[in-house]
Asks: 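My structure is below; once you've seen it, I'll send some questions.
This one's a predicted model, so the numbers in the text were calculated from it and none came from an experiment.
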Amino acid sequence: MFEKRHVLSMREFSREEIDAVLAMADTLEPYAYGGNCNSLTGKILALLFFEPSTRTRMSFETAMMRMGGKTLNLGPAEGSAIAKGESLADTIRVIGCYADALVIRHPKEGSAQLASEFSPVPVLNAGDGAGHHPTQTLLDLYTIRKESHLDELSITLLGDLKYGRTVHSLAYALALYGAEITLVSPPSLRMPDQIKADLEAKGTTVRETGDLNEVIEEIDVLYVTRIQRERFPDPREYQKVARSYKITTDLLKKVKDDLIIMHPLPRVDEIDPEVDGTKHAVYFRQSFYGVPVRMALLKMLIGGDDID
Ligand code: NCD
């Protein structure tokens, strides 16, 4: 179904396609802990990270290794021909001949789209500026399905909804599942109007408020994000909103018993570490789920039909 297809944003995914990835991730999850799975033996995944990354880069690497494949890392841009002035398009053309697929993270929105126009092999967008982060969304959905439920879901997206690419991608996917979405952010970090309009056009119920207390008692999932400091054109604007929200155990006194708290990580100060020990915190398991989900996606993009 996915053979040779690029993964640039969630907008190109149907619910059936997402469900197929999640089902494949279920099948592969035992191999994410170890074991013998050779679905990607002989395959090479190139990693091009022009922005910092821990989980995304390393879980892609782990996913390849767990399935017998290998990775090729561009490394820091200063150590590559980009430092000599080579264009992104040329870099992509060349690396696309060395690998079976490319993962790219870049500070500029639209860069993964551009890469896909020049790449002879599938391109996976691992974050393009404040744009999209579709593979994070697939692991977020997998987490919700495993730790809560995707049907009749009531979810709150909290934090930097303006610059946060994880919430942009997630919102589009949630619309496919008929979720009830509440957006909670400082006024200057609201979800872009275009995304809200797209969600509403799909018949999604979207509420917006500056006060988490208005919804905290009734929701199934609280998806917390950090303020994307690196995207602020003016550091003074960041200072105005820094530390403006924080999840504490006190706040959790009034939540549903089965509320789950998610976070794409890294966390800065928006979740008190005391919350980590509560049954609501699933963010560290969430980052593990990046492995089976990325295994599934890679297998569907560049692998064969067999599991072993
Ligand atoms: C996110 C990202 O890079 O957008 N991190 C991740 O991939 N898990 C979230 C963030 O950096 O805040």
Asks: Hey, could you give me the NZ/CZ distance between Lys162 and Arg190, rounded to the nearest 0.5 Å?
Replies: 11.5 Å

Asks: To the nearest 0.5 Å, what is the distance between CG on Leu88 and CZ on Arg93?
Replies: 10.5 Å

Asks: Looking at Phe284, I'd like to know if the NZ or CZ of Arg267 sits under 6.0 Å from its six-membered ring centre while staying within 45 degrees of the ring's axis.
Replies: no

Asks: If I compare all heavy atoms of Ile302 with all of Ala101, which pair ends up nearest, and what's the gap?
Replies: CG2-CB, 4.0 Å

Asks: Kindly confirm or rule out a cation-pi arrangement of Arg294 over Phe60, judged by NZ or CZ under 6.0 Å from the six-membered ring centre and within 45° of its axis?
Replies: yes

Asks: Can we say Lys279 and Asp258 salt-bridge, meaning some charged N sits less than 4.0 Å from an Asp/Glu carboxylate O?
Replies: no

Asks: Working to the nearest 0.5 angstrom, can you tell me the gap between Glu12 CD and Glu17 CD?
Replies: 9.0 Å

Asks: Would you check if Val291 and Leu28 make a side-chain contact, meaning some heavy-atom pair closer than 4.5 Å?
Replies: no

Asks: Is any side-chain heavy atom of Glu200 closer than 4.5 Å to one of Val206?
Replies: yes

Asks: Provide the closest heavy-atom pair for Gly96 versus Val121 in the form atom of the first, atom of the second, distance.
Replies: O-CG1, 3.6 Å

Asks: Could you walk me through whether Asp269 and Lys246 pass the salt bridge (charged side-chain N to carboxylate O under 4.0 Å, His left out) test, one step at a time?
Replies: CA-CA 7 Å; Asp269 52 15; Lys246 184 168 198 157; over 6 Å; no

Asks: Salt bridge check: are Arg57 and Glu61 linked by an N-O gap of less than 4.0 Å?
Replies: yes

Asks: Quick one: sort the His132 and Tyr172 rings into parallel, tilted or perpendicular, breaks at 30° and 60°.
Replies: tilted

Asks: Does Arg165 reach the side chain of Glu109, with side-chain heavy atoms less than 4.5 Å apart?
Replies: no

Asks: Taking Ala23's backbone N and O only, do any of them form a donor-acceptor pair with Thr27's side chain (distance below 3.5 Å, no angle check)?
Replies: yes

Asks: Take Thr166 and Gln136 through the test side-chain hydrogen bond (donor to acceptor under 3.5 Å, both in side chains) and record every step on the way to the result.
Replies: CA-CA 7 Å; Thr166 63; Gln136 176 72 41; over 6 Å; no

Asks: Mind checking whether Leu40 and Val7 sit in one hydrophobic cluster, side chains of I, L, V, M, F, W, Y counted as touching below 4.5 Å?
Replies: yes

Asks: I'd like to know if Arg207 and Glu214 make a salt bridge, using a cut-off of under 4.0 Å between side-chain N and carboxylate O.
Replies: no

Asks: Determine, stepwise, if the pair Asn125 / Ser9 fulfils side chain to side chain contact (heavy atoms under 4.5 Å, CB included).
Replies: CA-CA 7 Å; Asn125 181 8; Ser9 88; 5.8 Å; no

Asks: Yes or no on side-chain hydrogen bond (donor to acceptor under 3.5 Å, both in side chains) for Gln113 and His6, after CA distance, side-chain angles and deciding distance?
Replies: CA-CA 9 Å; Gln113 170 67 44; His6 304 295; over 6 Å; no

Asks: Does the side chain of Phe50 reach to within under 4.5 Å of the side chain of Leu74, using non-hydrogen atoms?
Replies: yes

Asks: Indicate, with yes or no, if Leu189 and Val215 share a hydrophobic cluster defined by side-chain heavy-atom contacts under 4.5 Å among Ile, Leu, Val, Met, Phe, Trp and Tyr.
Replies: yes

Asks: Heavy atoms, side chains only, cut-off 4.5 Å: are Ile144 and Tyr177 in contact?
Replies: no

Asks: Is any side-chain heavy atom of Val268 closer than 4.5 Å to a side-chain heavy atom of Ile227?
Replies: no

Asks: Is there a donor in the side chain of Arg105 and an acceptor in the side chain of His133, or the other way round, less than 3.5 Å apart?
Replies: yes

Asks: Before giving the answer on side chain to side chain contact (heavy atoms under 4.5 Å, CB included), spell out for Asn73 and Thr71 the whole-Å C-alpha distance, their side-chain angles and the decisive distance to 0.1 Å.
Replies: CA-CA 6 Å; Asn73 207 329; Thr71 57; 5.9 Å; no

Asks: Can we say Glu218 and Lys256 salt-bridge, meaning some charged N sits less than 4.0 Å from an Asp/Glu carboxylate O?
Replies: no

Asks: Do the two ring centres, one from Tyr238 and one from Tyr163, sit under 6.0 Å apart?
Replies: no

Asks: Going through the distances and angles, do Leu297 and Leu138 end up as a side chain to side chain contact (heavy atoms under 4.5 Å, CB included)?
Replies: CA-CA 9 Å; Leu297 200 53; Leu138 292 167; 3.8 Å; yes

Asks: The test is side chain to side chain contact (heavy atoms under 4.5 Å, CB included); show your working for Leu158 and Leu222 and say whether it passes.
Replies: CA-CA 7 Å; Leu158 169 70; Leu222 176 60; 4.2 Å; yes

Asks: Consider only side-chain heavy atoms of I, L, V, M, F, W and Y, link residues closer than 4.5 Å, and tell whether Ile216 and Val167 are in one cluster.
Replies: no

Asks: Do you know which of Thr143, Asp140, Thr156 makes side-chain hydrogen bond (donor to acceptor under 3.5 Å, both in side chains) with Tyr223?
Replies: Asp140

Asks: Supply the atom-to-atom distance Arg55 CZ to Leu139 CG, rounded to the nearest 0.5 angstrom.
Replies: 10.5 Å

Asks: In Å, rounded to the nearest 0.5 Å, how long is the span from OG of Ser188 to CG of Asp160?
Replies: 8.5 Å

Asks: NZ of Lys70: more than 12 outside heavy atoms within 6.0 angstrom?
Replies: no

Asks: Check whether NZ of the Lys or CZ of the Arg Arg66 lies under 6.0 Å from the centre of the six-membered ring of Tyr31 and within 45 degrees of that ring's axis.
Replies: no

Asks: What are the two closest non-hydrogen atoms of Ala173 and Thr137, and how far apart are they?
Replies: CB-CG2, 3.6 Å

Asks: Taking CD in Glu117 as the centre, count heavy atoms belonging to other residues, nucleotides or ligands within less than 6.0 Å. Is the count above 12?
Replies: yes

Asks: Any Lys/Arg nitrogen of Asp26 or Arg145 sitting under 4.0 Å from an Asp/Glu carboxylate oxygen of the other?
Replies: yes

Asks: Pick one: which of His280, Gln286, Arg285 meets side-chain hydrogen bond (donor to acceptor under 3.5 Å, both in side chains) with Glu147?
Replies: Arg285

Asks: If you define the side chain from C-beta out and look only at heavy atoms, does anything of Ile261 sit under 4.5 Å from Val221?
Replies: no

Asks: How far apart are the C-alpha atoms of Asp272 and Arg243, what are their side-chain angles, what is the distance that settles it, and do they pass the salt bridge (charged side-chain N to carboxylate O under 4.0 Å, His left out) test?
Replies: CA-CA 11 Å; Asp272 191 313; Arg243 293 170 294 281; over 6 Å; no

Asks: Just checking, any donor-acceptor pair under 3.5 angstrom between side chains of Glu29 and Tyr142?
Replies: yes

Asks: Taking atom types as modelled, find out whether Thr91 and Glu86 have a side-chain donor-acceptor pair closer than 3.5 angstrom.
Replies: yes

Asks: Give, for atom CG of Leu174 and atom CG of Leu199, the distance between the pair rounded to the nearest 0.5 Å.
Replies: 8.5 Å

